[in-house]
Amino acid sequence: MDNTPNMQTPPSSTAQVHFSSDVRNMDNWARRTGIPLTTAEALGTTYARAHKWLVSLKTQLIQHHGWQDAEAAADARMLFTVEAPSPWRSPNGLPLSPKLRLQLPTHASSFFSPERRVQWQMVFHSDIFATQRLIVQPITDILNLIQCLLTGVVTLVYEEQLPQGTYTTTRGLPSVQWITNNQAALLEIFGHAHFKQLWKAANDRTTSFKVDFEPRRR
């Protein structure tokens, strides 16, 4: 059954998803959250343990939201590649944008490859995460899980323009409610000690969010 809403225009979202392969961002978030930044090998192992959940989310997209496995997508470097027609339509019923294409890599190291940086920017800066995450739960879950796995790589950024300058609020972790609701799956991936750190950091807005201010130039 396809539960994809038949909408003509996308919903508005104030927060933008931002992808960065700069390890310094991960280091900054590790210090902020109190969750130590581990080795590349350890990150890869944790990401591999999340494969089962990520693939199950892909399956949900196919079974319930009108997505399909991409044709000719047999690439061992990709955990999966799925596509869906744009849900946004003109008054004449024509798609307002190209097909949505969602990929995730088999290995976490791909997120940090200079050759792949633009590819992952195109995925995370696309309409999939700009608007679909607001209405399609598996997309939200994928974003939240990656925030837990690789904190600082994918963030939600909200800018507020005020007379005195620009406030930028960045969210590095999912809500504590999401972490609590998915406790069993997260424990399987991270273990008890890391899960407790995740929950504690997500439960404190001073660690799960950061605010920057840039004064207006006169």
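Here the structure is a predicted model, which is why all the values come from computation and not from measurement.
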I would like to know whether Ser113 and Trp120 meet side-chain hydrogen bond (donor to acceptor under 3.5 Å, both in side chains); could you show each step before the answer?
CA-CA 10 Å; Ser113 167; Trp120 299 123; over 6 Å; no
Is there a side-chain contact (heavy atoms from CB on, under 4.5 Å) between Met26 and Val153 once you walk through the steps?
CA-CA 7 Å; Met26 293 189 72; Val153 171; 3.7 Å; yes
Begin with the C-alpha distance, continue with both residues' side-chain angles, and end with the deciding distance and a verdict on side-chain hydrogen bond (donor to acceptor under 3.5 Å, both in side chains) for Trp178 and Asp141.
CA-CA 9 Å; Trp178 185 88; Asp141 291 338; 2.8 Å; yes
Run the side-chain contact (heavy atoms from CB on, under 4.5 Å) test on Leu186 and Ile179 for me, step by step, so that the C-alpha distance in whole Å, both residues' side-chain angles and the decisive distance to 0.1 Å come before the verdict.
CA-CA 8 Å; Leu186 291 169; Ile179 289 176; 3.9 Å; yes
Going through the distances and angles, do Phe112 and Val23 end up as a side-chain contact (heavy atoms from CB on, under 4.5 Å)?
CA-CA 8 Å; Phe112 306 99; Val23 179; 4.2 Å; yes
Check step by step if side-chain hydrogen bond (donor to acceptor under 3.5 Å, both in side chains) holds for Asp22 and Ser20.
CA-CA 5 Å; Asp22 190 339; Ser20 172; 5.2 Å; no
Give the C-alpha distance, both sets of side-chain angles, the deciding distance and a yes or no for ring-ring contact (aromatic ring centres under 6.0 Å, His included) between Tyr167 and Phe213.
CA-CA 5 Å; Tyr167 284 90; Phe213 173 69; 4.6 Å; yes
Steps toward side-chain contact (heavy atoms from CB on, under 4.5 Å) verdict (Gln119, Gln103)
CA-CA 9 Å; Gln119 176 183 1; Gln103 293 181 301; 2.9 Å; yes
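Of all non-hydrogen atoms in Gln147 and Pro174, the two that sit nearest each other are OE1-N, 3.3 Å. Across Ser175 and Ala202, no two heavy atoms sit closer than the pair C-CB, 4.5 Å. Annotation for Thr155 and Gly172: closest pair CG2-CA, 4.2 Å, computed over non-hydrogen atoms. The two atoms that bring Ala108 and Gly44 nearest to each other are CB-CA, 4.3 Å, heavy atoms only. Here the closest non-hydrogen pair linking Pro85 and Gly66 is CD-O, 4.1 Å. In terms of heavy atoms, Ser126 sits closest to Val123 at OG-O, 2.7 Å.
Within the 4.5 Å cutoff, the side chain of Gln161 has heavy atoms near those of the Arg216 side chain. Here the side chains of Thr168 and Val211 are not in contact, with every heavy-atom distance at 4.5 Å or above. Counting only heavy atoms from C-beta outward, the side chains of Thr140 and Ile135 never approach each other to under 4.5 Å. Put simply, the side chain of Thr81 reaches to within 4.5 Å of the side chain of Arg101, judged on heavy atoms. Counting only heavy atoms from C-beta outward, the side chains of Val82 and Leu100 never approach each other to under 4.5 Å. Side-chain contact check for Leu149 versus Leu43: every heavy-atom pair is 4.5 Å or farther apart. With contacts defined as side-chain heavy-atom distances shorter than 4.5 Å, the pair His65/Gln132 does not qualify.
When the side chains of ILVMFWY residues are joined at heavy-atom separations under 4.5 Å, either directly or via intervening members, Val55 and Ile146 end up in a single hydrophobic cluster. Clustering ILVMFWY residues whenever any of their side-chain heavy atoms sit less than 4.5 angstrom apart, transitively, puts Leu156 in a cluster other than the one holding Met122. No continuous path of ILVMFWY side-chain contacts below 4.5 Å connects Trp29 to Ile35, so the two sit in separate hydrophobic clusters. Tyr158 and Leu134 end up in different hydrophobic clusters when Ile, Leu, Val, Met, Phe, Trp and Tyr side chains are linked at under 4.5 Å.
Taking OG of Ser208 as the reference point, atom CZ of Arg171 lies at 8.0 Å (rounded to 0.5 Å). Asp69 contributes atom CG, which lies 9.5 Å from atom CZ of Phe80 (distance to the nearest 0.5 angstrom). Separation of atoms CG (Leu198) and NZ (Lys196) is listed at 13.0 Å; rounding is to 0.5 Å. Taking CD1 of Ile189 as the reference point, atom NZ of Lys52 lies at 9.0 Å (rounded to 0.5 Å). Taken to the nearest 0.5 Å, the CD atom of Glu83 stands 8.5 Å off from the CH2 atom of Trp67. Interatomic distance, Leu102 CG to Ile128 CD1, rounded to the nearest 0.5 Å: 5.0 Å.
In the displayed structure, His107 atom NE2 is contacted under 6.0 Å by at most 12 heavy atoms of other residues, nucleotides or ligands. The environment of CZ in Arg49 is crowded: more than 12 heavy-atom neighbours from other residues, nucleotides or ligands sit within 6.0 Å. Surrounding CD of Gln68 are at most 12 heavy atoms belonging to other residues, nucleotides or ligands under 6.0 Å away. The number of heavy atoms from other shown groups lying within 6.0 Å of CZ (Arg24) does not exceed 12. The 12-atom threshold is exceeded at CZ of Arg116, counting heavy atoms of other residues, nucleotides or ligands nearer than 6.0 Å. The number of heavy atoms from other shown groups lying within 6.0 Å of CD (Glu160) is above 12.
Using modelled atom types, one side-chain atom of Arg32 and one backbone atom of Phe209 make a donor-acceptor pair closer than 3.5 Å. Under the 3.5 Å distance criterion, the side-chain polar atoms of His51 are matched with a main-chain donor or acceptor of Thr106. Between the Thr170 side chain and the Val157 main chain, no donor and acceptor come within less than 3.5 Å of each other. Distance alone, capped at 3.5 Å, is enough to place a donor-acceptor pair between the Thr46 side chain and the Ala42 backbone. In this structure, Thr207 contributes its side chain and Thr33 its backbone to no donor-acceptor pair below 3.5 Å. Checked by atom type and distance alone, the side chain of Arg205 never pairs as donor or acceptor with a backbone atom of Lys210 at under 3.5 Å.
In the model, Glu214 has no side-chain atom that pairs as donor or acceptor with a side-chain atom of Thr166 under 3.5 Å.
Taking the six-membered ring for Trp and thresholds of 30 and 60 degrees, Phe111 and Tyr47 have ring planes more than 60 degrees apart, a perpendicular arrangement.
A cation-pi arrangement is absent between Arg133 and Phe129 under the rule of less than 6.0 angstrom and at most 45 degrees off the ring axis.
Listed by chain and number, the residues in a side-chain hydrogen bond (donor to acceptor under 3.5 Å, both in side chains) with Glu41 amount to none (sequence neighbours excluded). Gln177 meets the side-chain hydrogen bond (donor to acceptor under 3.5 Å, both in side chains) test with no other residue; sequence neighbours excluded.
Here Arg31 pairs with Asp27 in a salt bridge; the nearest charged N to carboxylate O distance falls below 4.0 Å.
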